Amino acid sequence: MSSTTNAITVSGIQIEMIERGHGQPLLLLHPGIGIEADAPVLERLATRSRLLVPTHPGFGRSEAPKAFDRIDDLAYFYLDLLDQLDLRDVAVVGVSLGGWVAAEIAIKSTARISHLVLANPIGIKVGGREQRDIADIFAITEDEFLALAYCDPAAGKRDYKAMPEAEVKAVARNIEATARYAWSPYMHDPKLKGRLHRIRIPTLFLWGTHDRVLSEPYGRAYCDAIAGARFEPIERAGHFPHVEQPDAFADKVLGFIGSKRA
C-alpha cells in the first residue's frame, strides 16, 4: 500500500506526518516510544481509512516549540491540524501518552470527531495521594521497562549499535519530549478526570492485558469516567497493544468506528 511521510506546518510548527489509505479519516496519536512508518498496524488500519499519523511536536524529527511543555499544548495543536486540513468525522485513536492527548482533545472539542479510541491511556489520577497509579519509567532501566510494558519484552528491544544515527537521535528525543510534557505532575493532568464527562461521542477503551505500567483497574476507572464508553481487552499484549497485536488492535478499531451501533 502506498504511503508517504510528509512535512506539514501547523500554526508555524513543522512536524512529520505519515499518510496512507483512503476513506474516513483516522488520526493515530502515538505513544511516547514514537512510531515507525513500517509498523504493521499502519497497513492494517489504512485498509479501511485515510490514516494520518503525525509525529508529535518535539518527538522524532518534528520541531520542538519552545512554548510547548504540557499535553494541553499538543491537544490544541491537533485541533488546529484538524481545522487546517478541514477534516470531518475523524476517528481519533491514541495509545498511552497519545491516548492522553486524545482525551485532552475530546474534552475541548469533538466538533470534527466521530469516534474516540483510547488504548492503555495514561493521563488521570485514580488512586490516593500516596498511591502510585503509573510505574515510574524514568527510575528504571530499559530492560526493566520492557518487562513492565510488553507481554514479550523482545517486542520492544532495540539494537542501538545497529541503528542509524538519525533513528537513535529520534529515540533520545522521544524520551526527552515525554519527560518535558509528562514529568510533573507525573503522567497525568489533575483536572482531566473531572472533565471526562464532557466526552459525548462513542468511545472505546482497548486494554493490553499484560500491561504492568498501568493496572487494569486503572483502565476501567478511566473508562467508567466517560459515559457509555466500552472496555475491550487485547490478550497477549502489554502497554502497547498496537505493537504486539497489530491485527487484533486494527480489527477492534475498524470494527468500532464502522459499526452502526457506535
Side-chain angles (χ1 to χ4, degrees), residues 1-8 10 15-31 33-56 59-60 62 74-75 77-106 108-121 199-208 226 228-232 234 237 240-262:
M1 183 175 291
S2 61
S3 175
T4 57
T5 301
N6 298 318
I8 180 173
V10 178
I15 64 166
E16 286 193 341
M17 185 164 71
I18 301 165
E19 294 191 55
R20 186 181 299 182
H22 303 279
Q24 179 182 1
L26 190 161
L27 180 68
L28 178 63
L29 302 177
H30 67 75
I33 61 171
I35 196 161
E36 300 298 328
D38 60 355
V41 71
L42 303 189
E43 182 175 354
R44 287 286 291 109
L45 289 172
T47 59
R48 287 164 46 195
S49 72
R50 176 190 173 190
L51 181 65
L52 302 109
V53 190
T55 299
H56 307 320
F59 289 76
S62 290
L74 297 182
F77 175 84
Y78 285 123
L79 286 170
D80 288 344
L81 182 146
L82 297 181
D83 287 345
Q84 179 173 309
L85 298 180
D86 194 23
L87 297 174
R88 301 179 187 278
D89 295 322
V90 182
V92 177
V93 181
V95 182
S96 184
L97 182 137
W100 180 4
V101 178
E104 293 277 7
I105 292 170
K108 294 170 174 54
S109 174
T110 56
R112 294 181 178 272
I113 302 171
S114 65
H115 295 75
L116 180 67
V117 180
L118 306 177
N120 294 73
I199 300 176
R200 302 183 182 93
I201 57 174
T203 301
L204 174 66
F205 275 73
L206 296 178
W207 200 262
I226 300 175
R230 289 163 31 189
F231 188 96
E232 294 188 15
I234 297 181
F240 307 113
H242 69 301
V243 173
E244 293 194 272
Q245 298 297 333
D247 289 343
F249 181 91
D251 286 346
K252 288 180 181 293
V253 169
L254 295 173
F256 177 66
I257 67 178
S259 68
K260 291 182 179 180
R261 177 180 179 275

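In this text the structure is predicted, and so the values were computed from the model without any measurement.
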Engineer: Would Leu74 and Glu104 count as a side-chain contact (heavy atoms from CB on, under 4.5 Å) here? Give the steps.
Structural biologist: CA-CA 9 Å; Leu74 297 182; Glu104 293 277 7; over 6 Å; no
Engineer: Quick one: closest heavy-atom pair of Val90 and Gln24, and the distance?
Structural biologist: C-NE2, 4.4 Å
Engineer: What closest approach, in Å, do Pro54 and His30 show between heavy atoms, and which atom pair accounts for it?
Structural biologist: O-CD2, 3.3 Å
Engineer: Is there a donor-acceptor contact under 3.5 Å from the side chain of Arg20 to the main chain of Ala37?
Structural biologist: yes
Engineer: Might you point out which heavy atoms bring Ala103 and Leu118 nearest each other, and give the distance in Å?
Structural biologist: N-CD2, 4.2 Å
Engineer: Rounded to the nearest 0.5 Å, what separates atom CG in Leu116 from atom CD1 in Ile257?
Structural biologist: 11.5 Å
Engineer: Write down the atom of Ile234, the atom of Phe249, and the distance for their closest heavy-atom approach.
Structural biologist: CD1-CA, 4.0 Å
Engineer: Hey, does Ile18 have a side-chain heavy atom less than 4.5 Å from the side chain of Leu51?
Structural biologist: no
Engineer: Just verifying a value: how many Å separate Arg112 CZ and Leu81 CG, rounded to the nearest 0.5 Å?
Structural biologist: 10.5 Å
Engineer: Would you check if Pro246 and Leu42 make a side-chain contact, meaning some heavy-atom pair closer than 4.5 Å?
Structural biologist: no
Engineer: Phe205 vs Phe231 aromatic rings, parallel, tilted or perpendicular, using cut-offs 30° and 60°?
Structural biologist: parallel
Engineer: The criterion is side-chain hydrogen bond (donor to acceptor under 3.5 Å, both in side chains); which residues satisfy it with Arg88, sequence neighbours excluded?
Structural biologist: Asp86
Engineer: Can you name the closest pair of heavy atoms from Pro121 and Trp207 and give their distance?
Structural biologist: CD-CZ3, 3.9 Å
Engineer: Could you grab the distance from atom CZ of Phe77 to atom CD1 of Ile15, nearest 0.5 Å is fine?
Structural biologist: 4.0 Å
Engineer: What verdict does the side-chain contact (heavy atoms from CB on, under 4.5 Å) test give for Ile35 and Leu28, after you've listed the backbone C-alpha separation in whole Å, the side-chain angles of each residue and the deciding distance to 0.1 Å?
Structural biologist: CA-CA 10 Å; Ile35 196 161; Leu28 178 63; 3.9 Å; yes
Engineer: Indicate yes or no: at least one non-hydrogen side-chain atom of Phe256 is less than 4.5 angstrom from one of Val253.
Structural biologist: no
Engineer: Is a side-chain donor or acceptor of Thr55 paired with a backbone partner of Ser62 at a separation under 3.5 angstrom?
Structural biologist: no
Engineer: To the closest 0.5 Å, what do you measure between CG (Leu206) and NE2 (His242)?
Structural biologist: 12.0 Å
Engineer: Step by step, work out the side-chain contact (heavy atoms from CB on, under 4.5 Å) result for Met17 and Leu85.
Structural biologist: CA-CA 13 Å; Met17 185 164 71; Leu85 298 180; 4.2 Å; yes
Engineer: Just how far is it from atom CD1 of Ile199 to atom OG1 of Thr110, taken to the nearest 0.5 Å?
Structural biologist: 8.5 Å
Engineer: So which heavy atom on Ala250 is nearest to which on Arg44, and how close?
Structural biologist: CB-CB, 3.5 Å
Engineer: Less than 4.5 Å apart, side chain to side chain, heavy atoms only: is that true for His115 and Val93?
Structural biologist: no
Engineer: Can Leu45 and Leu254 be said to form a side-chain contact (heavy atoms from CB on, under 4.5 Å), step by step?
Structural biologist: CA-CA 7 Å; Leu45 289 172; Leu254 295 173; 4.3 Å; yes
Engineer: Measuring from atom CD1 of Ile8 to atom CD of Glu16, what distance do you get when rounded to the nearest 0.5 angstrom?
Structural biologist: 12.0 Å
Engineer: Is any side-chain heavy atom of Leu87 closer than 4.5 Å to one of Leu27?
Structural biologist: no
Engineer: Does any part of the side chain of Pro241, heavy atoms only, come nearer than 4.5 Å to the side chain of Lys252, both counted from C-beta?
Structural biologist: no
